[in-house]
Amino acid sequence: GIQVEQSPPDLILQEGANSTLRCNFSDSVNNLQWFHQNPWGQLINLFYIPSGTKQNGRLSATTVATERYSLLYISSSQTTDSGVYFCAVEHVGANNLFFGTGTRLTVIP
Amino acid sequence: GAVVSQHPSWVICKSGTSVKIECRSLDFQATTMFWYRQFPKQSLMLMATSNEGSKATYEQGVEKDKFLINHASLTLSTLTVTSAHPEDSSFYICSASRRDTNPYEQYFGPGTRLTVT
């Protein structure tokens with residue numbers, strides 16, 4: 001099956017700092033989504049981004065499908081950005097998402 | 001739009017009993033619904049995929065007789081954990097993909113925390 005690795009596994013930032021989270025996947029994908037899981041467990045859709053670049057406020061994401069990676073950029077981080085960030089991919093020929101290992105972000109004031 | 005609800009948000013039950021969890025798409029019709037399980041500090045693992053009116057497709061290692069999935073309509077799927085045991089304690093999350101826009105993007109419910117004593 002497809003492998004999805006995220007780095008770093010843990011990240012501690014001072015409020016206001018910027019960060020880049022990475023997602024590497026081992027095979028071709030139809031779909032890639034980034035999620036933020038808040039401390040209560042709710043998964044929040046950040047981006048649907050099988051290729052290209054998107055921006056939404058302080059967040060942006062880039063997927064280079066040919067090189068099998070995606071990046072999530074967080075600028076001017078806030079304490080409310082804390083939580084776990086997951087990327088998830090849909091393998092070509094599959095009909096479901098496979099989740100990566102996650103990056104646990106802690107933003108300290 | 002694209003809101004998915006789950007009920008209950010948490011449940012405690014005794015070993016040997018059954019528990020039903022509901023997943024509803026509130027403002028759209030779901031092409032497909034998915035059930036995931038998440039253990040503490042781990043990633044989400046897909047349990048099964050269900051389409052309205054047809055039998056669910058279970059992932060390898062998931063017991064279909066233990067985790068009964070019913071997808072009765074385009075807005076409702078249920079997961080019943082039968083004869084629950086302490087090792088079934090986990091966070092169960094459903095998701096849905098919508099029929100009318102992008103069939104690939106999934107929207108997630110808030111999850112149900114199950115504790116079996």
Side-chain angles (χ1 to χ4, degrees), chain A residues 1-7 9-11 21 23-25 28-52 54 56 61 63 65 70 82-106, chain B residues 1-6 8-10 21 23 25 28 30-51 54 56-62 69 77 90-99 101-115:
Chain A
I2 195 166
Q3 305 297 315
V4 183
E5 295 291 332
Q6 290 183 243
S7 59
D10 294 279
L11 183 60
L21 281 56
C23 172
N24 291 332
F25 43 97
S28 300
V29 299
N30 287 327
N31 173 15
L32 188 146
Q33 290 184 245
W34 281 97
F35 298 94
H36 174 213
Q37 187 171 38
N38 67 21
W40 297 271
Q42 171 76 62
L43 278 164
I44 300 161
N45 288 44
L46 298 178
F47 294 102
Y48 167 77
I49 188 164
S51 63
K54 290 186 177 178
N56 184 4
T63 297
S70 183
S82 296
V84 183
Y85 289 80
F86 287 105
C87 76
V89 303
E90 182 179 316
H91 199 180
V92 170
N95 183 34
N96 51 65
L97 287 176
F98 187 86
F99 276 74
T101 48
T103 292
R104 184 173 298 275
L105 174 64
T106 304
Chain B
V3 179
V4 177
S5 71
Q6 276 185 247
S9 53
W10 59 271
I21 302 170
C23 175
S25 56
F28 66 98
T31 312
T32 306
M33 286 184 164
F34 305 85
W35 288 95
Y36 295 82
R37 181 166 51 181
Q38 186 180 30
F39 292 107
K41 297 195 183 298
Q42 294 188 21
S43 189
L44 280 75
M45 297 298 294
L46 179 68
M47 298 176 67
T49 303
S50 73
N51 293 291
S54 58
T57 302
Y58 290 81
E59 294 300 299
Q60 194 171 4
V62 177
I69 292 172
S77 177
S90 189
F91 191 53
Y92 292 87
I93 310 173
C94 73
S95 72
S97 55
R98 56 189 302 170
R99 172 186 292 264
T101 55
N102 180 355
Y104 300 107
E105 188 169 5
Q106 289 187 30
Y107 300 90
F108 283 76
T112 297
R113 198 164 301 278
L114 170 64
T115 302

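The sequence lines fix the lettering, A, B, ..., with proteins before strands; numbering per chain opens at 1.
Between B:F108 and A:F35, the ring planes are perpendicular. Angles over 60° get that label, and only those under 30° would be called parallel.
A donor and an acceptor atom, one from each side chain of B:Y107 and A:Q33, are nowhere located under 3.5 Å apart. Looking at B:T112 and B:W10, their side chains never bring a donor and an acceptor atom within 3.5 Å of each other.
A centroid separation of 6.0 Å or more is found between the aromatic rings of A:F98 and A:F25.
Only the side chain of B:Q38 has a heavy atom closer than 4.5 Å to any heavy atom of chain A. Heavy atoms closer than 4.5 Å to chain B are found in the side chain of A:N45, but not in its backbone. Using a 4.5 Å cut-off between heavy atoms, B:L46 touches chain A through its side chain atoms alone.
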